Amino acid sequence: MAYFPAFINLNNKKVLLVGAGNIAGEKLEKLLIFTKNITVIAPEVSDKVKILVEENRLTLHKRKYLQKDIESFSVVIVAVDDLSMQKEIYEECQKHNILCNSVDSVEYCDFIFPSYIKKGSLTIAISTSGSSPSVAKYLRLAIENLIPDSIESFLDEMKKIRSTLPKGKERMKLLDEKAKKYIDTIFKFTQH
Ligand SMILES: C[C@@]1(CC(=O)O)C2=NC(=C\c3[nH]c(c(CCC(=O)O)c3CC(=O)O)Cc3[nH]c(c(CC(=O)O)c3CCC(=O)O)/C=C3\N/C(=C\2)[C@@H](CCC(=O)O)[C@]3(C)CC(=O)O)/[C@H]1CCC(=O)O
Ligand SMILES: NC(=O)c1ccc[n+]([C@@H]2O[C@H](COP(=O)([O-])OP(=O)(O)OC[C@H]3O[C@@H](n4cnc5c(N)ncnc54)[C@H](O)[C@@H]3O)[C@@H](O)[C@H]2O)c1
């Protein structure tokens, strides 16, 4: 089955990152845009992870992962250089209904990190379901150039209109027309 693309609210969700090397640093940098409720466990910690932990006052346990460490967490990311350990933690997560991401195999992922573009309240996420992370990256770079920064203020304006006008056909029509006009000016055409 394919992955269901969802945008998860990480408020009040505890996130555990196992591993603190190069890839853990990359995942941490991306996660920090969405939550600071992150605990890191690893015996060796890269300079980048050390700085991010200090700057964001994250909890760091400088030791190896121990069974049951996952138990108070909602989301676990396993960024260790050891596939059997990724499998072990993934299986432990399954028993506790904890969402798990492993950096070496989609087989041990309940969710995967997408490549994403964020401009204000707009988020565009791209995934190749693990087929080619670098294709996801270059597609992101190509799409990023198509989206103007003005999208941020335009979305703020649309949000304001939506919250001030009463729900109903009139509001729907107005919002649809404004959205179409804006997108038309960006892409010079609108697909229906
Ligand atoms: C999108 C992105 C998001 C992010 O990391 O946040 C992301 N990987 C990125 C970059 C990237 N990763 C790799 C390269 C080298 C070139 C290449 O292999 O293509 C590059 C390119 C680069 O770094 O330039 C190597 C790699 N990646 C994985 C494996 C294991 C394997 O497949 O076996 C290996 C082999 C390791 C090895 O060979 O040793 C696995 C995963 N990587 C994923 C996400 C998930 C699937 C995403 C999807 O396709 O849907 C998944 C399954 C798990 C996960 O991480 O969640 C981010 C781009 C962000 C951006 O810039 O926009
Ligand atoms: N998903 C991706 O985007 C992607 C991209 C490239 C590579 N990878 C894969 O990511 C993995 C990690 O690569 P890296 O460059 O970050 O490695 P690294 O050597 O820099 O870091 C490994 C980290 O795992 C920790 N670790 C090892 N054993 C541990 C244990 N028992 N408990 C807790 N922590 C432990 C280490 O202390 C270290 O912090 C590799 O297997 C690589 O194939 C994934």
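As a basis for the values below, the full set of heavy atoms in this structure was taken, side chains included, without hydrogen atoms, waters or symmetry mates. This structure is a prediction, so every number in the text was calculated from the model and none was measured. When a residue number appears, it is its place in the shown sequence, counting from 1.
When atom types are taken as modelled, the side chain of Asp69 and the backbone of Leu66 share a donor-acceptor pair closer than 3.5 angstrom. The main-chain N or O of Ser131 is never found under 3.5 Å from a side-chain atom of Ser129 such that the two would form a donor-acceptor pair. A side-chain donor-acceptor contact under 3.5 Å links Lys119 to the backbone of Ile147. Between the side chain of Tyr3 and the main chain of Asp110, no donor-acceptor pair closer than 3.5 Å is present. Checking side-chain atoms of Ser102 against main-chain N and O of Val78 turns up no donor-acceptor pair under 3.5 Å. At least one donor-acceptor pair under 3.5 Å links the side chain of Asn9 to the backbone N or O of Asn11.
More than 12 heavy-atom neighbours from other residues, nucleotides or ligands sit within 6.0 angstrom of NZ on Lys36. Counting heavy atoms of neighbouring residues, nucleotides and ligands inside a 6.0 Å radius, atom NZ of Lys118 exceeds 12 of them. Heavy-atom contacts from other residues, nucleotides or ligands closer than 6.0 Å to CZ of Arg162 number 12 or fewer.
In summary, Glu91 and Lys87 engage in a salt bridge, as defined by a charged side-chain N under 4.0 Å from a carboxylate O. Salt bridge status for Lys48 with Glu26: absent, with no side-chain N to carboxylate O gap under 4.0 Å.
Counting heavy atoms from C-beta on, the side chains of Leu10 and Val75 come closer than 4.5 Å. No side-chain heavy atom of Asn101 sits less than 4.5 Å from a side-chain heavy atom of Tyr90. By the 4.5 Å heavy-atom criterion applied to side chains, Pro43 and Arg63 are not counted as neighbours.
Under the 3.5 Å distance criterion, with hydrogens and angles disregarded, a donor-acceptor pair is assigned to the side chains of Glu92 and Tyr65.
Taking the six-membered ring where tryptophan is involved, the planes of Phe34 and Tyr116 are perpendicular, since the angle between them exceeds 60° and thus also 30°.
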